[in-house]
Amino acid sequence: MMPAQPGETAVSTGTALTKTLLFGGVLAFTATQSVLFLIIAPLVRDLGLSELQFGLIFTLSNIGLVVAAPFWGRRSDRIGRRPVFLIGMLGCGVGIAALAGVLQLGLWGVLPASALFVTLLCVRLGYTVTATAIYPASSAIAIDITSAKDRAKSLALLGSARSLGTIAAPALGASLAFLGVLVPIYAAAALAVLFTAAAFVWLKEPPRDADAGRRSAMRFTDPRIVPFLIAWGGLFLAFTALQFTTPFLIEDRFGLSDSVDVIRTSSLALFCIAAMSLVVQGGVIQLFNPSAYTLLRWCLPLFAAGLVIIDLSSSLTVLFAGYPVIGVPFALPAPGIPGVARLRVQPHEQATTAGYLASASSLGVLFGPLFGSWLYQMSPLLPALVGAVILVSIAVYLAFAVSAPDPHDDAATKKST
């Protein structure tokens with residue numbers, strides 16, 4: 001075996017550093033998103049807000065995600081990945097810190113409930129509009145620096161960053177809540193600022209295709225990506241509804257009333273999802289490098305099975321058995337759904353596709369809180385049950401809509417024949 005040349009070593013080192021910075025940025029954004037769900041939900045009643053108002057804050061502010069994600073994807077294709085990624089990171093750190101400040105004013109009684117509702121909505125809207133730039137930019141960079149053969153592994157690495165961010169949120173909630181209920185949010189803000197500074201110093205613009213600057217004519221209704229947008233949106237609708245209603249489920253079904261106990265128990269439940277997902281994305285997928293099409297086929301049915309287990313739980317032990325089951329399929333969509341979708345578009349459409357996929361997931365996140373709270377008020381069993389039905393229906397649709405590997409994906413073609 002010939003030794004690596006100096007130039008090859010420099011490229012390898014640069015790629016590793018870029019992946020590390022992308023990993024950190026996605027981790028920070030996911031941690032800030034998740035910690036909000038975990039901390040704010042048990043405080044809703046203390047702040048004088050209703051569960052429905054809480055759902056509206058997240059639902060209406062997530063409109064920013066839906067609108068902004070395609071915009072940032074197109075901007076990333078036009079002006080470059082690095083500036084868009086840095087805008088997202090800055091918006092993430094500043095936005096989450098501002099939200100913590102507003103919540104503190106609410107707990108102190110400085111802002112009455114009506115003013116608090118409007119202020120939280122506006123601040124979180126600003127946070128989502130800017131921070132959502134992280135997803136399309138990071139995904140496009142990951143694709144730019146890897147070959148089609150290793151694309152599933154590269155995207156799985158970003159998926160594992162999401163999982164680790166979801167782990168970091170409950171870890172922050174469980175370990176820091178005793179210092180003050182808002183301390184975990186401030187800690188998440190500090191994490192985002194740290195990775196923003198690192199990206200500003202070390203992240204470089206990746207080399208891109210000669211046609212990278214072309215304006216993409218792709219639309220949300222492009223038939224090449226519609227099946228994947230439906231799958232991505234449906235998955236996040238079910239997951240966000242589960243994430244949103246978990247604290248209420250634990251409080252009501254198992255009789256926990258103390259806010260700190262609810263935060264810790266909810267954190268542990270969501271930690272189980274993220275930990276299992278991290279094992280699959282950071283270990284199993286990296287080791288075996290399965291086809292993106294294989295991951296696409298299995299993610300939704302397995303997720304539905306986990307939701308059914310949670311619905312049938314009569315004890316915390318059974319409940320915590322359901323969450324790790326969800327962790328396995330939650331690891332599969334990140335490389336599976338976007339991985340297959342991006343094989344069907346042109347090089348200059350990569351970030352635009354990432355933006356539309358982020359918008360689709362944001363639609364799921366947009367309606368997830370309202371969807372979950374509305375169903376939960378009718379019956380605590382409905383959010384998971386209806387979510388399972390939706391996911392199985394989408395899986396059947398995908399079986400007919402995406403029936404064969406794309407011919408230019410050599411790795412997927414070999415694995416499916």
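Just so you know, these numbers come straight off a predicted model, no measurement behind them.
Distance check, rounded to the nearest 0.5 Å: CG of L21 to CE of M89 gives 9.5 Å. In this structure, CD1 in I141 is found 6.5 Å from CD in E205, a value given to the nearest 0.5 Å. The CG atom of L99 lies 11.0 Å from the SG atom of C122; values are rounded to the nearest 0.5 Å. Note: T130 OG1 to L125 CG = 9.5 Å, rounded to the nearest 0.5 Å. Rounded to the nearest 0.5 angstrom, Q33 CD and R124 CZ are separated by 5.0 Å. In this structure, S138 OG and L203 CG are separated by 10.5 Å, a value rounded to the nearest 0.5 Å.
Nearest heavy atom pair, residue P380 against residue P383, reads O-CD, 3.5 Å. For I145 against P206, the heavy-atom pair with the smallest separation is CG2-CB, 3.9 Å.
With contacts defined as side-chain heavy-atom distances shorter than 4.5 Å, the pair L49/L120 qualifies. Taking the side chain as every heavy atom from C-beta outward, L107 and V181 approach each other to under 4.5 Å. Counting heavy atoms from C-beta on, the side chains of L382 and V386 come closer than 4.5 Å. Looking at heavy atoms from C-beta onward, L56 lies in side-chain contact with F117 at the 4.5 angstrom threshold. In this structure the side chain of L158 reaches within 4.5 angstrom of the side chain of L22, judged on heavy atoms. Contact check for S359 versus P70: side-chain heavy atoms found under the 4.5 Å cut-off. Using a 4.5 Å cut-off on side-chain heavy atoms (C-beta onward), L90 and L86 make no contact. Between V392 and L300, every side-chain heavy-atom pair lies at or beyond the 4.5 Å cut-off.
A donor-acceptor contact closer than 3.5 angstrom is absent between the side chains of Y127 and S61.
Residues forming a side chain to side chain contact (heavy atoms under 4.5 Å, CB included) with F23 (at least two apart in sequence, or on another chain): L27, L157, S160, A161, L164. Annotation: side chain to side chain contact (heavy atoms under 4.5 Å, CB included) contacts of L194 (sequence neighbours excluded): none. Listed by chain and residue number, Y323 satisfy the side-chain hydrogen bond (donor to acceptor under 3.5 Å, both in side chains) test with T246 (two or more places apart in sequence, or in another chain).
Annotation: salt bridge (charged side-chain N to carboxylate O under 4.0 Å, His left out) contacts involving residues 223-238, sequence neighbours excluded, comprise D222-R224, R224-E349. Sequence neighbours left out, not one pair with a member in residues 71-92 passes ring-ring contact (aromatic ring centres under 6.0 Å, His included). For residues 353-387, the ring-ring contact (aromatic ring centres under 6.0 Å, His included) pairs, not counting sequence neighbours, are F220-Y356.
Ring-plane geometry between F29 and Y135 is classed as tilted, the angle between the planes lying from 30 to 60 degrees on a 0 to 90 degree scale.
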